[in-house]
Amino acid sequence: MKYLMLGGAGFVGLALSTRLMNDGHEVIIVDDLSTSNPHTPPPAHNTIRSSVQQCPELDGLVAWADVVYFLAGSVGVKYVVEHPYETMMNNLSLISAVVPLLHKHNKYVIFTSTSEVYGQGPYSEDDNISIAPPTNTRWGYASAKAATEFAIASAGCRYKILRLFNVTGPGQVGTHGMVLPRFIGAALAGKDIEVYGTGEQRRSFCHIADAVEIILEVERLPGSNIFNVGSALPANSVSILDVAHVVKDVLQSSSQTVLKPFDDVFVRNSGDIADRVPDLRKLHSHITYIPKKTLRDIIQDIANDTLTH
Ligand SMILES: NC(=O)c1ccc[n+]([C@@H]2O[C@H](COP(=O)([O-])OP(=O)(O)OC[C@H]3O[C@@H](n4cnc5c(N)ncnc54)[C@H](O)[C@@H]3O)[C@@H](O)[C@H]2O)c1
């Protein structure tokens, strides 16, 4: 099969692209490398280094592909909160660059949306999405993702919309606010592990290796649909304070855990989500794969990867 991977040099995109290439598929990546990991560059002969919006070959590439993975976008709570305008302009202009071509060529698209579209929840695919007022610019990311979901759903082409819940693992960078690489980097360096807010907010972590299996199985499902993507392992749904504790335990680190008020770290009143644990009943009624990697596996794999770079 022929795959066009928009944003395919990023953390999720590179894991998917590598797997697809290993399985013998033809893969072309378009990525401007703006937030990809500099230690794991994508294969040069498969990659067009360009923004999706400025890529002159985009029309022909969409026509060529059997499946278009739409992964490109400005991501990471820290980046989004610090650069709300750039996030909106990038993510909204991606809609007008990509969706008309999907419509024109009637292409099958897999779009990576986010759990943030649910706001404070509940978190099942048929629930209403929820966006706070634009005075809180953090929600621009979710609103642009929601707009992309609607644009894709109205374009008349086949689609899968995937709402990812904390997909993490080796290769993810901590620079843009991703919690596990940040905690693990601090623990390995013997620095304080900074927990933002009360630390009681709960998250559910899914290893990238499990996410790749889930996504590829969802891609093979017939028709169009929306799915949450995350891990159903109970031990992977924990408070952020517990994450810090498990990181210290797995890595035998003597780092201290320190609480920092959310407003001291990010723009004032950007807020955080109390409990973000996916409802995976719909996903598991459609696929057979069961995530296997525990939080401890994820931490160990990120640490091993960090130590080799
Ligand atoms: N990792 C997660 O847990 C998670 C959670 C929710 C949503 N997502 C979504 O999944 C997708 C992949 O996320 P990720 O974790 O791999 O992040 P990432 O930052 O590693 O990947 C995004 C990639 O898109 C590229 N990019 C951004 N804007 C671009 C543009 N205009 N043109 C070309 N390339 C561009 C970046 O360079 C990067 O390689 C994103 O759309 C993100 O919103 C991820």
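Order of listing sets the numbers, starting from 1, for every ligand and every atom in it.
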Taking [atom] as the reference point, the nearest protein heavy atom with its distance:
atom                    : answer
atom 39 (O) of ligand 1 : D31 OD2, 2.7 Å
atom 40 (C) of ligand 1 : L71 O, 3.1 Å
atom 13 (O) of ligand 1 : V12 CG2, 4.2 Å
atom 21 (O) of ligand 1 : G10 CA, 3.4 Å
atom 24 (O) of ligand 1 : A72 CA, 3.5 Å
atom 7 (C) of ligand 1  : S113 O, 3.1 Å
atom 32 (N) of ligand 1 : V52 N, 2.9 Å
atom 20 (O) of ligand 1 : F11 N, 2.8 Å

Measure [X] to ligand 1 on non-hydrogen atoms and call it side chain, backbone, both or neither using the 4.0 Å cut-off.
X    : value
E116 : neither
Y141 : side chain
V75  : side chain
S50  : backbone
M178 : neither

- Query: Stepwise, does the side chain to side chain contact (heavy atoms under 4.5 Å, CB included) test hold for L71 with L16?
  - Reply: CA-CA 10 Å; L71 309 134; L16 281 165; 4.1 Å; yes
Atoms of ligand 1 close to [X] [distance to a heavy atom under 4.0 angstrom, numbered from 1]:
X    : answer
N166 : 3 (O)
T112 : 9 (C), 10 (O), 11 (C), 40 (C), 41 (O)
L164 : 4 (C), 5 (C), 6 (C), 7 (C), 8 (N), 10 (O), 44 (C)
K145 : 40 (C), 41 (O), 42 (C), 43 (O)
S34  : 26 (N), 27 (C), 36 (C), 37 (O)
A9   : 39 (O)

Quick one: closest heavy-atom pair of [X] and [Y], and the distance?
X    : Y    : answer
G199 : L259 : N-CD2, 4.5 Å
V62  : L101 : CG1-O, 3.7 Å
A244 : I193 : CB-CG2, 4.0 Å
P222 : K160 : O-NZ, 3.6 Å

- Task: Answer with yes or no after comparing the ring centroid distance for Y123 and F165 against a 6.0 Å cut-off, counting only values under it.
- Result: yes
Looking only at distances, please establish whether an N/O atom of ligand 1 is found under 3.5 Å from an N/O atom of [X].
X    : result
V167 : yes
N90  : yes
D32  : yes
Q53  : yes

- Look at ligand 1 and say whether S115 reaches it with a heavy atom at a distance under 4.0 Å. no
- Message: Is there a salt bridge (Lys or Arg N to Asp or Glu O under 4.0 Å) between R202 and D242? Walk through the geometry before answering.
- Response: CA-CA 9 Å; R202 226 155 51 101; D242 283 341; over 6 Å; no
- Over 12 non-hydrogen atoms of neighbours within 6.0 angstrom of CD in Q256: no
- Query: Would you find more than 12 non-hydrogen atoms of other residues, nucleotides or ligands less than 6.0 Å from K191 atom NZ?
  - Reply: no
Would you say [Y] and [X] are linked by a side-chain donor-acceptor pair, where the criterion is simply a distance under 3.5 Å?
X    : Y    : answer
R163 : Y118 : yes
D210 : Y289 : yes
S93  : Q53  : yes

- Option set G76, G73, G7, criterion heavy-atom distance to atom 27 (C) of ligand 1, minimum: G73
- Note on the structure: Nearest non-hydrogen contact to atom 22 (C) of ligand 1 from the set T148, T35, L6, L33 belongs to T35
- Task: Check whether NZ of the Lys or CZ of the Arg K282 lies under 6.0 Å from the centre of the six-membered ring of F227 and within 45 degrees of that ring's axis.
- Result: yes
- In this structure, CD1 of I29 is separated from NE2 of H45 (nearest 0.5 Å) by 9.5 Å
- Step by step, would you call Y79 with E86 a side chain to side chain contact (heavy atoms under 4.5 Å, CB included)? CA-CA 9 Å; Y79 181 87; E86 291 78 4; 3.7 Å; yes
